Enquirer: 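Take a look at this one; I'll ask things after.
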There are 2 protein chains.
Amino acid sequence: MDFSLLLEHVFKHITLTQEEQSYFVSLLNVRKIKKKQYLDQEGDISKGPAFVTRGIMRSYSLDKNGFEHVIQFAPPGWWIGDMYSIVKQKPGRLYVDAIEDSEIVWLWKSDLDRLYSDIPKFERFFRILGENAIVAFENRLISTLSLPAIERYAQFCRLYPSLTESLPQKQVASYIGVTPEFLSKMLNSPAPK
Amino acid sequence: MDFSLLLEHVFKHITLTQEEQSYFVSLLNVRKIKKKQYLDQEGDISKGPAFVTRGIMRSYSLDKNGFEHVIQFAPPGWWIGDMYSIVKQKPGRLYVDAIEDSEIVWLWKSDLDRLYSDIPKFERFFRILGENAIVAFENRLISTLSLPAIERYAQFCRLYPSLTESLPQKQVASYIGVTPEFLSKMLNSPAPK
DNA sequence: TTATGCTGTTAATCTACATTAAGTTTTCTA
DNA sequence: TAGAAAACTTAATGTAGATTAACAGCATAA
């Protein structure tokens, strides 16, 4: 198995001895997920956090009218999951599935807790990761509350430059919070972009 | 100074020796903030995270039309701040002010970094705090994207039961993302609540 | 005491975006 | 490689919530 993408990511924030690295790697699990397959469905208890190494994953909620609302996209190098369910180990509110054939590396929540105790440096690693996630959510919320659709689209393009073209438009529409019809009109009408 | 509320909060997640506790307390600063006074304004670099011990604080963004959008309320026992600015030590996008005469306990970002090195248990403490913040943001985002105004109001009442009555309605409107006029209509019209 | 200014209410009008529906193109997949 | 299923477009119509405006109740304050 090739864990290099994840290890590089870890080494950006902490350093590990050879033994620590081996121990960490021994806790990792790999899973391939085909397009449209689910990692988690609403009501599932998440096994633990997942790191994307190939493909594109996404998490979304489903409202009472059956409409999807994308919470996050995760290309390679990003983490994905229903944080509520991961942290509290209770049934979650999100669906997590693959938009393209994907591969993830994941840890059991129980192994993660063990890792925190055995190698406290991982407390630091995930503390930093958490900070970044909070900053991202704070930004998303500011945009969602205070920008019109066209500027939320621009924000999306800035956040996920690699996805802007590879993703079906309806996924983008769901992320920025408009219907596919409206996004289509917006992009084709006044100032073609 | 009375740090008991903050210390209790810390002890819920980690234990400290007497020395560690003294060292931690030596890094704390106290500040009283009168109603309508700012802790931070847009463009400021935040000094560090703040824990509310009295009153009610709030953070909000200002859109280009001059409308406020409340990101968070913080009654006693809650943390508040512009996470982007705190973490990156760059100019922030949020205003933080007091809705009622308040008192906060805060740390310099540089002291916090020192604390992480000197007492690694605080990595764990803030890792857990971060997880909770992410869960809260995830929930807020799900509501904002997938619920109509009346249910976002219900969510607000569940999240901040202590504030539902003490807060001016226009603050609540700004939090749930509608105009004060619309909230007033919603609460007084069909099914008075 | 009267001003001054917040806060909340009501109601008419307006608009960004949703819904519905039909047609076209692209892409899967058998 | 056909034929079904997605993905995208266009346009008519509908609506949740915004805007504007006028007024009433209460504060704080001179």
Side-chain angles (χ1 to χ4, degrees), chain A residues 33-37 55-56 58 60-70 73 97-102 143-156 163-193, chain B residues 34-37 56 58 60-70 73 97-101 143-157 163-193:
Chain A
I33 303 181
K34 289 224 169 268
K35 188 168 175 170
K36 290 186 190 174
Q37 267 192 359
I56 306 172
R58 128 244 220 210
Y60 65 93
S61 72
L62 212 56
D63 68 27
K64 64 171 59 151
N65 302 122
F67 291 105
E68 298 175 358
H69 301 273
V70 173
F73 294 114
D97 70 0
I99 292 184
E100 301 293 344
D101 290 359
S102 301
S143 301
T144 304
L145 292 175
S146 57
L147 298 180
I150 187 77
E151 288 174 47
R152 296 202 302 275
Y153 178 77
Q155 277 269 110
F156 164 83
L163 299 187
T164 304
E165 290 174 27
S166 69
L167 224 52
Q169 250 181 51
K170 63 177 295 199
Q171 296 298 339
V172 179
S174 169
Y175 180 91
I176 67 174
V178 297
T179 57
E181 291 84 355
F182 187 74
L183 178 56
S184 170
K185 188 200 211 170
M186 204 165 70
L187 295 179
N188 296 340
S189 307
K193 221 174 170 198
Chain B
K34 288 224 169 269
K35 189 170 175 169
K36 291 185 189 176
Q37 267 191 0
I56 306 172
R58 127 244 219 211
Y60 66 92
S61 71
L62 212 55
D63 69 26
K64 64 171 61 151
N65 301 121
F67 290 105
E68 298 174 0
H69 301 273
V70 172
F73 294 114
D97 71 359
I99 292 184
E100 300 293 343
D101 290 0
S143 302
T144 303
L145 292 175
S146 57
L147 298 180
I150 187 78
E151 288 174 48
R152 296 203 302 275
Y153 178 76
Q155 277 269 110
F156 165 83
C157 295
L163 298 187
T164 305
E165 291 175 27
S166 70
L167 224 53
Q169 251 181 50
K170 63 177 296 199
Q171 297 296 339
V172 178
S174 168
Y175 180 90
I176 67 175
V178 298
T179 56
E181 291 84 355
F182 186 73
L183 178 57
S184 170
K185 187 195 197 174
M186 203 167 70
L187 294 180
N188 296 341
S189 310
K193 214 154 176 213

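Naming: A, B, ... by sequence-line order, numbering from 1 per chain. Here the structure is a predicted model, which means the values were calculated and not measured. Basis for what follows: all heavy atoms, side chains included, without hydrogens, waters or symmetry-related copies.
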Enquirer: What is the distance, rounded to the nearest whole Å, between atom NZ of A:K35 and atom C1' of D:dA5?
Expert: 12 Å
Enquirer: Determine: side-chain N/O of A:N188 to OP1/OP2 of D:dT10, distance under 4.0 Å, yes or no.
Expert: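 Yes, A:N188 has a side-chain N/O under 4.0 Å of OP1/OP2 on D:dT10.
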Enquirer: Rounded off to whole Å, could you give me the CZ-to-P distance for the A:F67 and C:dA18 pair?
Expert: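 Those two atoms, CZ and P, are 10 Å apart.
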Enquirer: So which of A:T179, A:L183, A:V178 actually passes side-chain contact (heavy atoms from CB on, under 4.5 Å) with A:E181?
Expert: A:T179
Enquirer: Between A:D101 (CG) and C:dC28 (P), how many Å, whole number?
Expert: 11 Å
Enquirer: Among D:dG17, C:dC17, C:dT10, which nucleotide has an atom closest to any side-chain atom of B:R152?
Expert: D:dG17
Enquirer: For B:Q171 and C:dG8, give me the distance from atom CD to atom P, rounded to whole Å.
Expert: 9 Å
Enquirer: Can you identify which nucleotide, out of C:dC17, C:dT7, C:dA18, has its nearest atom closest to the A:T179 side chain?
Expert: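 Output: C:dA18.
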Enquirer: Specify the separation, in whole Å, of atom CG of A:L167 and atom C1' of D:dC8.
Expert: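 It is 14 Å, rounded to the nearest whole Å.
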Enquirer: Could you check which of C:dA18, D:dG17, D:dA7 has an atom nearest any side-chain atom of A:F182?
Expert: C:dA18
Enquirer: Measure the spacing between OH of A:Y175 and OG1 of A:T144 and express it to the nearest 0.5 Å.
Expert: 7.5 Å
Enquirer: Let's see if you can work this out: which of C:dC28, D:dA21, C:dT19 has an atom nearest to the side-chain heavy atoms of B:E181?
Expert: D:dA21
Enquirer: Please report the distance, rounded to the nearest Å, between CG in B:D63 and P in D:dA18.
Expert: 12 Å
Enquirer: Find out whether B:Y153 and B:L187 are in side-chain contact, i.e. whether some heavy atom of one side chain is under 4.5 Å from a heavy atom of the other.
Expert: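 Side-chain contact under 4.5 Å: yes.
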Enquirer: Could you tell me whether a side-chain N or O of A:D101 sits under 3.5 Å from a main-chain N or O of A:K35, the two making a donor and an acceptor?
Expert: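 Yes.
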Enquirer: Using a strict threshold of under 4.0 Å (side-chain N to carboxylate O), is an ion pair present between A:D97 and A:R58?
Expert: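 Answer for the salt bridge query: yes.
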Enquirer: Please report, rounded to the nearest Å, how far the P atom of C:dG23 is from the NZ atom of A:K185.
Expert: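 Computing the A:K185:NZ to C:dG23:P distance gives 20 Å.
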Enquirer: C:dT9, C:dA18, D:dA18: which one has an atom nearest the side-chain heavy atoms of B:S184?
Expert: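 The listed nucleotide nearest to B:S184's side chain is C:dT9.
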Enquirer: Distance check needed: D:dA18 P versus B:M186 CE, whole Å only.
Expert: 10 Å
